[in-house]
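Once you've had a glance at the structure underneath, I'll fire off some questions.
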Amino acid sequence: MRRTIYLDLEGMARLVAEVGLVPMLRTLTDRLRDDYARWEAFQKCPRTANHSPLGVVELMPISDDRLFTFKFVNGHPQNPKAGLPTVMAFGALAEMETGWPLLLSEMTLLTGIRTAATSALAARYMARPDAQSMAMIGNGAQSEFQILAFHHLLGIEEFRLFDIDPAATQKLLRNLGEIPGVRLVRCESTAEAVRGADIVTTSTADKAYATILTPEMIEPGMHLNAIGGDCPGKTELAPQILEKARVVAEYLPQSRIEGEIQQMPESFEALELWQLVRGEAPGRSAPDEVTVFDSVGFSLEDFSALCLVHGEAEKRELGEVLDLMPQDRDVKDLYGLLQSARVTS
């Protein structure tokens, strides 16, 4: 009997608890590196997006010759006022040979983990090796994962925090205030938070052409990890910053639509992350160069995450087995399924 595993939010939380969040971040970062290194093996396309005045709903498919994944994900900045997350997601993993779904999984929690792992992977190549401090601009749902990834995977010790909502910063302090080796500093403005920081992560939610970082805030050698801009009409960096920086995106056909570089002309040159992973281009050319990871989230990252989760769920016997698809019967007789249900009801 073929199996379809279902992991709901409670199941995912249990899986992460059993694996350990930090070991999972490490393993996923390595898996992302390996998958980006085999870039040509994947059938890729920009995600499909349906927009409304209040947000966006997107589908993110990708496959290699063995496995297919997709993620359903939204972005609705006003959702917290209704008690809903800004970002919600679920995804699936299936066989390419048969189309059989192997896993149906929550991805709201998993997206936070995979985004942090991707940020850390890019920073390995782009941040200065002696980086010790990071500004965290936007202290919402992504912030704890980002901080833990940068601390445990890159050795960052000081995190300078700012959010226009003081309750978000208080939440972050409550969640991570007792982590050994992590120094959290509450700041009163973006300018204060980024002053002297080696790395700046922006993770804001407004669906607007925002300018969270301006040129006068940028210091030589900074690495900017811009993860908040993820749809048309939503940015965080002033275009003048991009003009003078080394910019790396995940997948340029998607990033030119949704990323920070949507502000730039089509002729604007940027690298893709796989080029850094394979050593075909450097992440930075000098200690004083400003680097930007223009991260919008790409389906390859969901592929890596879902493959990892499926393996761990099988090994640990976690999740519910779903009877989702017909098998071991006359599969050409779909009408017979109705007859069978009528008999047993």
Side-chain angles (χ1 to χ4, degrees), residues 1-19 24 27-28 31-32 34-35 38 40-50 56-76 84-85 87-114 251 254 297-345:
M1 291 281 290
R2 290 178 175 270
R3 288 160 36 97
T4 301
I5 297 174
Y6 170 60
L7 272 179
D8 61 9
L9 187 61
E10 182 180 347
M12 181 64 73
R14 182 179 172 190
L15 184 148
V16 174
E18 289 198 13
V19 174
M24 189 168 180
T27 301
L28 181 52
R31 185 158 198 146
L32 285 164
D34 294 344
D35 283 339
R38 58 189 191 98
E40 293 89 351
F42 291 93
Q43 296 185 47
K44 302 174 286 289
C45 65
R47 56 190 167 206
T48 300
N50 286 45
V56 61
V57 176
E58 300 171 325
L59 291 177
M60 302 173 62
I62 195 169
S63 69
D64 63 8
D65 61 351
R66 293 182 53 251
L67 296 167
F68 168 91
T69 66
F70 79 83
K71 181 169 77 175
F72 166 104
V73 62
N74 78 302
H76 286 75
L84 298 172
V87 175
M88 299 176 286
F90 67 88
L93 170 72
E95 296 176 339
M96 282 294 288
E97 184 178 12
T98 66
W100 184 265
L102 300 169
L103 174 69
L104 182 63
S105 175
E106 86 80 39
M107 291 195 73
T108 307
L109 176 57
L110 186 57
T111 293
I113 296 169
R114 74 88 156 119
Y251 181 50
Q254 178 173 296
F298 182 51
S299 52
L300 184 148
E301 297 148 20
D302 303 317
F303 180 97
S304 302
L306 286 166
C307 287
L308 174 61
V309 163
H310 180 249
E312 292 292 344
E314 283 207 314
K315 181 170 67 176
R316 299 170 188 276
E317 297 184 346
L318 293 176
E320 178 185 349
V321 177
L322 295 181
D323 187 16
L324 190 62
M325 300 294 179
Q327 64 174 321
D328 295 333
R329 62 182 82 193
D330 185 353
V331 294
K332 293 185 178 181
D333 184 12
L334 284 178
Y335 186 80
L337 294 174
L338 298 179
Q339 299 293 93
S340 175
R342 196 171 294 145
V343 167
T344 57
S345 61

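Throughout, numbering of the chain's residues begins at 1 and tracks the sequence.
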Distance (rounded to the nearest 0.5 Å) between F42 CZ and F298 CZ: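 F42 atom CZ to F298 atom CZ measures 9.0 Å (nearest 0.5 Å).
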Donor-acceptor contact present, side-chain N74 to main-chain M88, <3.5 Å: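 Yes: the side chain of N74 pairs with the backbone of M88.
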Shortest non-hydrogen contact between T4 and P101, atoms and distance: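 The pair with the smallest heavy-atom distance is OG1-O, 2.7 Å.
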Shortest non-hydrogen contact from A94 toward G99: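 Closest pair (atom of A94, atom of G99, distance): CB-O, 4.0 Å.
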Inter-residue atom distance L308.CG - D35.CG, 0.5 Å rounding: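 Rounded to the nearest 0.5 Å, the CG-CG separation comes to 10.5 Å.
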Closest approach of T69 to S299 (non-hydrogen atoms, all atoms of both residues):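 Closest pair (atom of T69, atom of S299, distance): OG1-O, 4.4 Å.
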pair M12-L110: side-chain heavy atoms closer than 4.5 Å: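 M12 vs L110: side chains touch.
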Pair V321-Y6, side chain to side chain contact (heavy atoms under 4.5 Å, CB included): steps then yes or no: CA-CA 6 Å; V321 177; Y6 170 60; over 6 Å; no
Beyond-backbone contact of V19 with T27, side-chain heavy atoms, under 4.5 angstrom: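 Side chain of V19 against side chain of T27, heavy atoms only: no contact under 4.5 Å found.
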Shortest non-hydrogen separation from L67 to C307 and the atoms involved: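 Smallest heavy-atom distance, with atoms named: CD1-SG, 3.8 Å.
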Closest non-hydrogen atom pair between S63 and M96, with its separation: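 Looks like CB-SD, 3.7 Å.
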Q254 side chain to G297 backbone, donor-acceptor under 3.5 Å: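 Looks like yes, one N/O pair under 3.5 Å.
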Within 6.0 angstrom of E314 CD, more than 12 heavy atoms from elsewhere: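 Yes - once you tally the heavy atoms of other residues, nucleotides and ligands closer than 6.0 Å, there are more than 12.
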Ion pair check, R14 and E18, cut-off under 4.0 Å: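 Salt bridge: yes.
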Parallel, tilted or perpendicular: ring planes of F90 versus F70, cut at 30 and 60 degrees: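 Rings of F90 and F70: perpendicular, as their planes differ by over 60°.
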Working for side chain to side chain contact (heavy atoms under 4.5 Å, CB included), residues L28 and R114: CA-CA 7 Å; L28 181 52; R114 74 88 156 119; 3.8 Å; yes
Any donor-acceptor N/O pair, Q327 side chain to R2 backbone, under 3.5 Å: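 Indeed, once roles are kept as given, a pair shorter than 3.5 Å links the two residues.
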Polar side-chain atom of R47 near backbone of K71 as donor-acceptor pair, under 3.5 Å: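 Not a single qualifying donor-acceptor pair exists.
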Enclosure of E40 CD (heavy-atom neighbours >12, cutoff 6.0 Å):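 Buried by this count: over 12 neighbours within 6.0 Å.
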Side-chain heavy atoms of L84 within contact of H76, under 4.5 Å: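 No, every pair of side-chain atoms sits at 4.5 Å or beyond.
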Euclidean distance, E301 CD relative to I62 CD1, rounded to 0.5 Å: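 With rounding to 0.5 Å, CD1 (I62) is 9.0 Å from CD (E301).
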Spacing of CZ belonging to R316 relative to CG belonging to L15, to within rounding of 0.5 Å: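 So the gap between those two atoms works out to 6.5 Å.
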Contact summary for S105 and L306, nearest pair of heavy atoms: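 Taking S105 first and L306 second, the nearest heavy atoms are CB-CD2, 4.1 Å.
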D64 side chain reached by F303 side chain, heavy atoms, under 4.5 Å: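 Result yes, sub-4.5 Å side-chain heavy-atom pair found.
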Under 3.5 Å: donor-acceptor pair, side chain of E106, backbone of T108: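 Yes.
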Check against side chain to side chain contact (heavy atoms under 4.5 Å, CB included), M107 and V73: CA-CA 8 Å; M107 291 195 73; V73 62; over 6 Å; no
Interatomic spacing from CD1 in I5 to CG in L318 - rounded to 0.5 Å: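 One finds 9.0 Å between CD1 of I5 and CG of L318.
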F68 CZ to Q43 CD distance, which is reported to the nearest 0.5 Å: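 Output value for this atom pair is 9.5 Å.
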